[in-house]
Amino acid sequence: MSGQQHHGIGMTSQRTRDRMLERLGEQGIRNMQVLMAMRQVPRHLFVAEALAHRAYEDTALPISAGQTISRPYIVARMTELIMERPVTKVLEVGTGSGYQAAVLAQLVPEVFTSERIHSLYLQTRRLLQQLGYGNIRCRYSDGELAWKREAPFDAIIVTAAPEVFPEALLQLVKLGGRIIVPVGGYRRTQQLVCVERTDEGYVRQEIEPVEFVPMLKGAI
Ligand code: SAH
């Protein structure tokens with residue numbers, strides 16, 4: 001890919017990416033589809049050039065506007081949680097760098113994502129276009145309901161932490177569908193929660209502690 005030369009990573013990139021996959025396996029990620037998707041996506045193109053050499057470490061990294069790209073393990077874990085069910089249409093809240101959306105786009109025919117910071121929205125939309133992710137639709141909005149008219153979704157991933165579980169999302173998911181949210185807002189550590197819509201109602205499962213930036217109101 002020409003973009004790899006652009007960030008000067010070239011030949012070593014696939015090797016460091018493979019090392020990331022080995023580590024994800026050691027951390028308990030078992031879904032081969034998810035691992036293959038993460039092998040495909042050039043994570044170093046989703047961070048600033050100065051940080052590209054650290055892109056395949058298992059760490060969150062700063063992106064523009066004071067936001068972060070989530071650590072690979074968490075991207076894998078959230079993706080794995082939704083891929084346990086058939087998914088053809090997925091919603092992500094919090095586009096950020098676009099990396100999670102790109103991983104989803106390898107696996108799911110239609111990806112919808114929203115971002116509240118205009119500069120980040122523009123930058124990421126351009127990057128995703130350049131990389132040829134034609135099945136990701138980006139929208140500039142601060143609401144969980146940014147893509148309400150495109151509902152229902154098979155799955156929803158929220159990648160910024162609200163104070164409490166965003167109940168409004170429940171109406172956007174299909175029967176059998178899952179919503180994954182880091183709940184806990186400004187606390188340093190939040191709880192990753194998976195809510196599944198079943199015949200009998202909503203079933204909530206606590207997954208593990210995570211660290212996300214807070215979910216905020218107001219598009220800026
Ligand atoms: N999924 C991203 C993670 C980025 S960090 C990635 O893979 O890089 C979370 C992002 O959520 C930030 O860009 C932040 O601006 C955005 N965000 C926070 N609150 C939001 C809201 N209410 N609506 C949409 N995006 C929001």
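As the structure lists them, so they are numbered: ligands from 1, and atoms in each ligand from 1.
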Candidate pair Arg187 and Glu211, rule salt bridge (charged side-chain N to carboxylate O under 4.0 Å, His left out), full reasoning: CA-CA 9 Å; Arg187 265 171 280 155; Glu211 288 175 34; over 6 Å; no

Closest non-hydrogen atom pair, Ser64 against Leu120: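 Result for this residue pair: OG-CD1, 3.2 Å.
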
Sequence neighbours excluded - ring-ring contact (aromatic ring centres under 6.0 Å, His included) pairs with any residue from residues 180-213: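 Passing the test, one end in residues 180-213: no pairs.
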
Of all pairs that satisfy ring-ring contact (aromatic ring centres under 6.0 Å, His included), the ones with a partner from residues 79-108, not counting sequence neighbours: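 As it turns out, the ring-ring contact (aromatic ring centres under 6.0 Å, His included) pairs with a partner in residues 79-108, which skip direct neighbours, are Phe46-Tyr99.
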
What are the distances between nitrogen or oxygen atoms of ligand 1 and protein nitrogen or oxygen atoms, counting only those under 3.5 Å?
unit_1, atom_1, unit_2, atom_2, d
ligand 1, 1 (N), Glu92, OE2, 2.8
ligand 1, 1 (N), Gly94, O, 3.0
ligand 1, 1 (N), Thr159, OG1, 3.0
ligand 1, 7 (O), Gln100, N, 3.1
ligand 1, 8 (O), Ser97, N, 3.1
ligand 1, 8 (O), Ser97, OG, 2.6
ligand 1, 13 (O), Glu115, OE1, 2.7
ligand 1, 13 (O), Glu115, OE2, 3.4
ligand 1, 15 (O), Glu115, OE2, 2.6
ligand 1, 19 (N), Leu216, N, 3.0
ligand 1, 22 (N), Asp142, O, 2.7
ligand 1, 22 (N), Leu216, O, 2.8
ligand 1, 23 (N), Asp142, O, 3.3
ligand 1, 25 (N), Arg116, N, 3.4

Distance-only polar pair, side chains of Asp58 and Gln27, donor-acceptor under 3.5 Å: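 Distance-only check passes for Asp58 and Gln27.
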
With sequence neighbours excluded, residues passing ring-ring contact (aromatic ring centres under 6.0 Å, His included) with Tyr133: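 With sequence neighbours excluded, Tyr133 shows a ring-ring contact (aromatic ring centres under 6.0 Å, His included) to no residue whatsoever.
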
